[in-house]
Amino acid sequence: MKIKSIRGFHDILPESIRRWHFIEDAARRIFELYGFSEIRIPVLEFTDVFARSLGTTTDIVEKEMYTFEDRDGSSLTLRPEGTAGVVRAYIEDSMHAKSGISKLYYTGMMFRHERPQKGRFRGFYQIGAELIGPQEPASDAELVTMLWRFFEETELTQFLELEISSLGDQNCRPQYKEKLVEYFTPQKNDLCENCQRRLQANPLRILDCKEKKCKEIAAEAPSMLDNLCQECENHFNAVKENLTAVGVPFVINPKIVRGLDYYTRTVFEVTTQELGSQNAVAAGGRYDGLVEELGGPDIAAVGFAMGIERIVLLQEKAIPKGFPKKVDVFIAHLGDEARKAAFPLAIELRQKDVSVEMDYGNKSLKSQMKRADKLGAGFTFILGEEELEKGVVKVRNMNESSEEDIKINEVVDAYQKFKS
RNA sequence: GUGCGUGUAGCUCAGGUUGGUUAGAGCACUGGGUUGUGGUCCCAGGGGUCGCCGGUUCAAAUCCGGUCACGCACCCCA
């Protein structure tokens, strides 16, 4: 039996890792510009952290978590998302006492036991950001703007749409829920099995059911946006105003329902048509109740998470060529003496930030040239017996196919001068 | 978790329906043509227990069953 990876878990190979770096670097750069700092938190938490945050009736908690017993009997879970752990750390490390505003971002692998598909894995990477402290709508707008800037930077906005809505808060949502139940109950028998169950557990989720019949019925349902309390409405309007002011394009979709229970007020999704049924690329919203729910002070927060695999998939469409790795210099050597001389030269160049490759054994010049070409070397330094005798290296410009002899003890400086 | 489809060299795929001598191609890889010069060209070579297990058969890549993986849709979501 051949050894292999677990279903739904995959390797990210060197040929695609530069694309990942491009995406991760862009996120870091932009998030840092917006005042965020990275936080690294454990992959494993007490199950309770997620159960209490996400809501016990959510699919993630009900059937997708990797949960197991520790040796002492406590229940542990591999994180299915990042927010719960960040908030746990925020509380545990008393970050609220250090500053009124905490801007945190994270990246790492998340775990959900779903049926794997393209762009959907059991072990997958997310980058997320949490802005904890302010409850003002300007913070929602800043966070969403930051997210959109990231997609601009990675050239993905052509494939994306930003949808926003408001879910109301503790004042208006319960009343709205009742209204929904009132609306759906008479038509209960026309709803799909799933939605009949949702009517009890979480009537909001009926709104984004994909079942044709449910969609029809939901189309006429009262909208949360018409039932916001004054404060929530003001908040939502201010968010929209702020986004418009900085030119972030959005559409209002009152049917947005997040899969996690902790959201309040602003919710948003960045979606695409390019990835089949995996249309969500990033999503987030405000979660004013969560910090307190997990045992911390009553502190507001907004956040989002994005799926890196899906972004990589889109990125491949935007920039199909990718990001090939290129070396600056290839040193081709002929003969044992030349090889011995080439080695310290390679090390010295690398010391000076020049990327260098060379063969380890004795290969024909031709095959070394081929390798230099394949590695995308800008220059090949040829060091054979002739050059050794004269104390020079033959420097070949690979793009112009021109060659020039340069004294071996001057070649490093000469190369650096040429580069700058 | 449900349904449908696919699974042959590192990659993309022929062959399979009509089982039958050493299972093919292109790309990639290695070497040579040019005894010291890449990206083009030519030649040669290496690489496959035909996803895995079992069944039918004198004989299975080919037919059947199961299983695993991937893909698509459902579901769910980032």
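Quick caveat, the model's predicted, so the values are computed rather than measured. Chain naming here is simple, since letters A, B, ... match the order of the sequence lines and numbering starts at 1 in each.
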Among C232(A), P254(A), C172(A), find the one that has a side chain to side chain contact (heavy atoms under 4.5 Å, CB included) with M224(A).
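Of C232(A), P254(A), C172(A), side chain to side chain contact (heavy atoms under 4.5 Å, CB included) with M224(A) is met by C172(A) alone.
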From V251(A), V270(A), V267(A), residue fulfilling side chain to side chain contact (heavy atoms under 4.5 Å, CB included) relative to E163(A):
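Looking at V251(A), V270(A), V267(A), the match for E163(A) under the side chain to side chain contact (heavy atoms under 4.5 Å, CB included) is V251(A).
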For [Y], is there an ion pair with [X] - N to carboxylate O distance below 4.0 angstrom?
X: D328(A); Y: K419(A); value: yes
X: K63(A); Y: D59(A); value: yes
X: E182(A); Y: K179(A); value: no

Gap in Å between the two [atom1] atoms, one belonging to [N] and one to [M], rounded:
N: rG45(B); M: rC4(B); atom1: C1'; result: 43 Å
N: rC27(B); M: rC74(B); atom1: C1'; result: 37 Å
N: rG10(B); M: rU30(B); atom1: C1'; result: 14 Å
N: rU8(B); M: rG47(B); atom1: C1'; result: 14 Å
N: rA28(B); M: rG48(B); atom1: C1'; result: 16 Å
N: rG66(B); M: rG5(B); atom1: P; result: 13 Å
N: rC58(B); M: rG51(B); atom1: P; result: 25 Å
N: rA61(B); M: rC52(B); atom1: C1'; result: 14 Å

Going by modelled atom types, is there a donor-acceptor pair between the base of [N] and the side chain of [X] at under 3.5 Å?
X: R7(A); N: rC70(B); answer: no
X: D373(A); N: rG38(B); answer: yes
X: S401(A); N: rG39(B); answer: yes
X: R371(A); N: rG38(B); answer: no
X: N279(A); N: rC77(B); answer: yes
X: Q368(A); N: rU37(B); answer: no

Duplex segments of RNA chain B, taken as runs of at least three Watson-Crick or G-U pairs that stay under 3.5 Å:
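Detected stem regions: B:1-7 with B:68-74, B:10-13 with B:24-27, B:29-33 with B:41-45, B:51-55 with B:63-67.
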Touch check for [X], heavy atoms < 4.0 angstrom, all strands: base, sugar-phosphate only, or nothing?
X: F121(A); value: base
X: E386(A); value: base
X: G82(A); value: nothing
X: I311(A); value: nothing
X: E64(A); value: sugar-phosphate
X: A372(A); value: nothing
X: E15(A); value: nothing
X: G284(A); value: nothing
X: F124(A); value: base

Selected nucleotide, minimal atom distance to [X] side chain, candidates [options]:
X: K374(A); options: rU30(B), rA69(B), rG38(B); value: rU30(B)
X: R115(A); options: rU30(B), rA78(B), rG1(B); value: rG1(B)
X: R205(A); options: rG36(B), rA78(B), rC77(B); value: rC77(B)
X: S277(A); options: rC72(B), rA78(B), rC74(B); value: rC74(B)
X: K118(A); options: rG36(B), rA78(B), rC72(B); value: rC72(B)

Go through the steps to decide whether E386(A) and K390(A) satisfy the test salt bridge (charged side-chain N to carboxylate O under 4.0 Å, His left out), and finish with yes or no.
CA-CA 6 Å; E386(A) 289 170 25; K390(A) 288 191 274 181; 5.6 Å; no
Could you state the [atom1]-[atom2] distance from [X] to [N], rounded to the nearest angstrom?
X: K326(A); N: rG39(B); atom1: NZ; atom2: P; result: 16 Å
X: E274(A); N: rA78(B); atom1: CD; atom2: C1'; result: 17 Å
X: H113(A); N: rC77(B); atom1: NE2; atom2: P; result: 16 Å
X: E400(A); N: rG38(B); atom1: CD; atom2: P; result: 18 Å
X: Q117(A); N: rG5(B); atom1: CD; atom2: C1'; result: 13 Å
X: I23(A); N: rA78(B); atom1: CD1; atom2: P; result: 18 Å
X: K394(A); N: rG38(B); atom1: NZ; atom2: P; result: 14 Å
X: L13(A); N: rG10(B); atom1: CG; atom2: P; result: 14 Å

Could you please spell out the steps behind the side chain to side chain contact (heavy atoms under 4.5 Å, CB included) verdict for T77(A) and Y66(A)?
CA-CA 6 Å; T77(A) 293; Y66(A) 281 90; 5.6 Å; no
D359(A) and its side-chain hydrogen bond (donor to acceptor under 3.5 Å, both in side chains) partner, picked from R339(A), H333(A), R371(A):
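So the option named by the test is R371(A).
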R265(A) side chain to D169(A) backbone, donor-acceptor under 3.5 Å
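Judged by distance alone, no pair lies under 3.5 Å.
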K103(A) side-chain N/O to Y34(A) backbone N/O, donor-acceptor pair under 3.5 Å:
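Flag set: sc K103(A) to bb Y34(A) pair under 3.5 Å.
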Given RNA chain B, 5'-ward residue of the pair R122(A) and A283(A), judged by closest heavy atom
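Its nearest nucleotide lies further toward 5', so the answer is R122(A).
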Listing time: all N or O pairs from protein to nucleotides 32-35 of chain B that are below 3.5 Å?
from: rG33(B); atom 1: N7; to: K366(A); atom 2: NZ; distance (Å): 3.0
from: rG33(B); atom 1: O6; to: K366(A); atom 2: NZ; distance (Å): 2.9

Would you be so kind as to tabulate the donor-acceptor pairs closer than 3.5 Å made by side chains of residues 124-134 of chain A, with sequence neighbours excluded?
from: E130(A); atom 1: OE1; to: Y287(A); atom 2: OH; distance (Å): 2.5
from: E130(A); atom 1: OE2; to: T83(A); atom 2: OG1; distance (Å): 2.7

Would you sort out whether K325(A) and E357(A) count as a salt bridge (charged side-chain N to carboxylate O under 4.0 Å, His left out), showing the intermediate values?
CA-CA 12 Å; K325(A) 183 179 175 66; E357(A) 267 303 316; over 6 Å; no
